[in-house]
Each structure stands twice: as structure tokens, then as C-alpha cells.
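Remarks on the structure that follows.
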Number of protein chains: 2
Amino acid sequence: MYICRMENTDHLKEILESHKLRITACRKNVLQFFLNRKAALSQSDLENQFTQYDRVTLYRTLNSFLDSGIIHKIPNSQGAAAYGLCHETCSPDHHDHNHIHFKCNQCGQIQCLDDKLVPEVTMPKGYMIEAVNMIVDGVCAKCA
Amino acid sequence: MYICRMENTDHLKEILESHKLRITACRKNVLQFFLNRKAALSQSDLENQFTQYDRVTLYRTLNSFLDSGIIHKIPNSQGAAAYGLCHETCSPDHHDHNHIHFKCNQCGQIQCLDDKLVPEVTMPKGYMIEAVNMIVDGVCAKCA
DNA sequence: TTAAATATGCAATAAAGTTGCATTTATGTA
DNA sequence: TACATAAATGCAACTTTATTGCATATTTAA
Ligand SMILES: [Mn+2]
Ligand SMILES: [Mn+2]
Ligand SMILES: [Zn+2]
Ligand SMILES: [Zn+2]
């Protein structure tokens with residue numbers, strides 16, 4: 001995870017550049033929003049926060065972040081898709097997403113537990129593993 | 001998992017009755033379809049299979065099965081929701097869903113690996129666990 | 001057999017995701 | 001700096017998925 005909380009424009013620019021994305025106001029704002037947030041974000045979170053941008057633009061911003069490896073999509077059972085920041089080690093080629101996700105049934109927030117790694121798992125003979133996702137549902141520390 | 005593959009009407013009736021659901025043709029047909037299938041099913045799978053029923057009826061059939069503990073919802077990152085048969089031990093009160101789900105990126109099928117249990121996991125202090133889901137993506141034995 | 005409770009079909013609506021295209025903006029090069 | 005090119009944005013339209021209301025049909029228990 002990128003360490004700083006209050007980013008300066010240069011830092012945002014660097015992140016976008018290093019992922020081969022053009023620097024635009026929308027992308028910088030959305031990226032900053034992700035960096036300031038602890039929890040995962042959904043498209044509608046962005047729409048509420050950034051009324052100045054068209055929802056399609058925000059949709060495509062999320063897609064460009066996904067494709068370039070800035071964020072990752074978090075599986076869920078219902079509602080809109082949620083997105084979390086990738087580790088700094090992630091790239092479009094090689095992702096490093098072996099952390100557990102937690103969804104609080106009280107406040108609804110979805111969190112990346114970056115230092116809680118998904119345990120190893122074995123598959124039946126003949127199965128090939130490409131990715132493993134673990135989603136824990138419950139009540140978070142704040143809501144408990 | 002219910003053992004039989006080709007159910008007789010009585011067996012279907014028993015299952016529905018034991019979950020306190022009224023016996024209807026639609027429910028029996030949908031339940032049979034679940035029992036015959038190995039993979040998880042989506043609403044659109046049902047719509048394709050049962051053109052004689054309104055899609056809202058199929059939607060509510062899935063909901064009644066969900067609420068009564070006949071099926072469970074499987075988290076995914078994209079596309080329509082998938083549903084898998086519950087174990088016989090499941091009830092509305094107590095669910096027993098600690099098995100791994102596998103999604104094949106080739107054929108798209110989602111499978112309940114009923115005998116592959118989700119490994120134990122610990123949360124940070126203060127978190128309460130209510131449910132744990134594990135979804136493995138990859139290539140299934142048939143597609144490999 | 002009948003009354004009450006529930007399921008179904010149909011219409012309408014909401015929510016979420018996606019595409020095409022004209023216009024604007026960003027970026028590399030002259 | 002100016003320009004050409006490639007990419008991003010806004011807007012409209014559309015698709016898919018999910019949800020609700022209500023009249024009618026069916027199931028169930030008395
Ligand atoms: Mn995450
Ligand atoms: Mn399952
Ligand atoms: Zn919470
Ligand atoms: Zn497969």
C-alpha cells in the first residue's frame with residue numbers, strides 16, 4: 001500500500017505515470033480519494049464524492065486503474081462491485097493480492113486486510129489455481 | 001448434498017416440505033434442476049431452462065430457496081450471482097457453508113467443492129467473524 | 001368444500017454496467 | 001512554443017440484473 005495519506009500532486013502524478021496512465025484531474029482526484037480512504041470504494045461512492053464528473057468517466061477511471069494494476073476488484077455476494085488499492089508491488093503483469101478482505105455487516109464497509117494473508121489451499125487433482133480470494137463477513141472492530 | 005441424481009417427485013416434495021415451502025411445479029422443477037447439476041446456477045440459467053415461468057417467479061423461487069436454506073449465494077467478482085445447493089445439514093437457522101468454491105476461467109462454471117473445507121482464519125483484535133468465503137479461480141479438471 | 005395464505009404473471013421501475021460518438025485535453029515532436 | 005496525434009471526457013442511448021406492486025391463480029389447512 002502507498003504509505004502517505006495526504007498526497008501532494010507530484011506523488012499522485014508519479015503513481016499514474018508509473019502505471020502508464022495519462023495525468024488528468026479526474027484520475028488524480030480519484031486516486032487521492034482511494035489513498036485517503038481505509039475502506040474499499042464502489043462506483044457509487046465515487047459518484048457521490050465527485051459530482052463534477054460524469055459517471056461514465058468515473059466508470060472508465062476505475063477500469064483504467066484496474067487494467068493498470070492500481071486497484072483490484074473485490075468479490076462480493078450482492079450490491080455493487082468494490083475496489084481496493086493494490087500494493088505498490090502490483091503491476092498489470094504480476095499481481096500480489098493474497099490478502100484477506102473483510103466486510104462488516106453493520107457499517108457495510110469492505111476492508112483490505114493487507115497483512116492478513118490468505119492461507120494456502122490445495123485443489124483436487126487436475127485443477128489449476130490462478131487466484132484465490134477470501135472474504136470474511138462479520139462485525140468490524142469499530143462496530144463491535 | 002442431497003445424494004440422488006434423478007429425483008422422484010416425492011423426494012422433491014420432502015425437501016420442500018422440510019424447509020417449510022409450499023409445493024409448486026416451479027419449485028419442484030427448479031429444485032430438480034439444481035439436483036441434477038454439478039455446477040452452481042444463475043438466474044439466467046434458470047430463465048434459459050424454464051421459459052414457461054416468468055423470470056420474476058424464478059427470481060422469487062431462488063429467494064425462497066435462499067431464505068429457507070436450500071441454496072446459498074456464492075460471491076463473485078463479476079456477472080450475475082451464482083447459487084449452489086446447500087448441504088442437507090443446512091437450515092435457515094444454522095448454515096454449514098465452509099466449503100471452497102471454484103470458478104473455471106475457461107468454461108465459466110462455478111463449483112461447490114463440498115469436501116474441500118475453507119481453512120481456519122484469524123482476524124485482528126476486535127473483529128467478529130460471521131462467515132468466511134473462499135473462491136478459487138483457475139482452470140477446472142475438464143478444461144485443463 | 002371453503003377460507004386464508006401464499007405463489008404466480010405481468011407491468012413497471014430501480015440499480016448496475018456498457019458502448020458509440022462528438023468534443024476536449026494531454027503528450028510527444030517539430 | 002505550436003502542432004499533430006492519441007487518449008480522455010461528457011452525453012445519450014442501451015443492456016443486463018435486480019426489485020416491487022397488484023390482480024389472479026394455486027396451495028394448504030380447517
Ligand atoms: Mn484488497
Ligand atoms: Mn457452495
Ligand atoms: Zn463496521
Ligand atoms: Zn472449466
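Throughout, protein chains are lettered first and strands after them, A, B, ... in sequence-line order, and every chain is numbered starting at 1.
- Across residues 48-57 of chain B, B:Arg55, B:Val56 each have a non-hydrogen atom less than 4.0 Å from an atom of DNA chain D (numbered order).
- Distance check, rounded to the nearest 0.5 Å: CG of A:Leu85 to NZ of A:Lys38 gives 14.0 Å.
- A:Tyr53 and A:Asn29 form a side-chain donor-acceptor contact under 3.5 Å, judged by distance and modelled atom types alone.
- Summarising the geometry, the separation between OH on A:Tyr59 and C1' on D:dC11 is reported as 16 Å, rounded to the nearest angstrom.
- Counting only N and O atoms by type, the side chains of A:Ser64 and A:Asp67 include no donor and acceptor under 3.5 Å apart.
- In this structure, B:Lys28 atom NZ and D:dT26 atom C1' are separated by 13 Å, rounded to whole Å.
- Residues A:Thr61 and B:Lys73 each lie close to DNA chain D; by heavy-atom proximity, the contact nearer the 5' end of the strand is made by A:Thr61.
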For residues 101-112 of chain B, which side-chain N or O atoms pair as donor and acceptor with protein atoms under 3.5 Å away, sequence neighbours left out?
residue, atom, partner, partner atom, Å
B:His101, NE2, B:His72, NE2, 3.1
B:His101, NE2, B:His99, NE2, 3.1
B:Asn105, ND2, A:Glu130, OE1, 2.6
B:Gln111, OE1, A:Tyr127, OH, 2.8

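- Here D:dT27 presents its C1' atom at 10 Å from CZ of B:Arg27, a figure rounded to the nearest Å.
- Although no hydrogens or angles enter the test, the distance criterion places no donor-acceptor pair under 3.5 Å between the side chain of A:Lys73 and the main chain of A:Ala82.
- Across the protein-nucleic acid pair, B:Leu58 atom CG and D:dT19 atom C1' stand 15 Å apart, rounded to whole Å.
- Using a 4.0 Å cutoff to heavy atoms of chain A, the contacted part of DNA chain C runs 5' to 3' from C:dG17 to C:dT27.
- With hydrogens and angles disregarded, no donor-acceptor distance shorter than 3.5 Å links the side chain of A:Asn63 to the backbone of A:Arg60.
- Between B:Lys20 atom NZ and D:dT27 atom C1' the separation is 17 Å, expressed in whole Å.
- Between A:Phe33 and A:Phe50, the ring center distance clears the sub-6.0 Å criterion.
- Between A:Arg22 and D:dA6 there is no side-chain N or O to OP1 or OP2 distance below 4.0 Å.
- A:Thr24 contributes a side-chain N or O that, together with a main-chain N or O of A:Arg27, makes up a donor-acceptor pair within less than 3.5 Å.
- The side chain of B:Ser44 contributes no N or O atom lying less than 4.0 Å from OP1 or OP2 of D:dT17.
- Each of B:Leu21 and A:Cys26 lies near DNA chain D, and the nucleotide nearest A:Cys26 is the one positioned closer to the 5' end.
- Note: the hydrophobic cluster containing A:Leu46 also contains A:Tyr83 (ILVMFWY, side chain heavy atoms under 4.5 Å, direct or indirect links).
- Here B:Arg60 lies in heavy-atom contact (under 4.0 Å) with a base.
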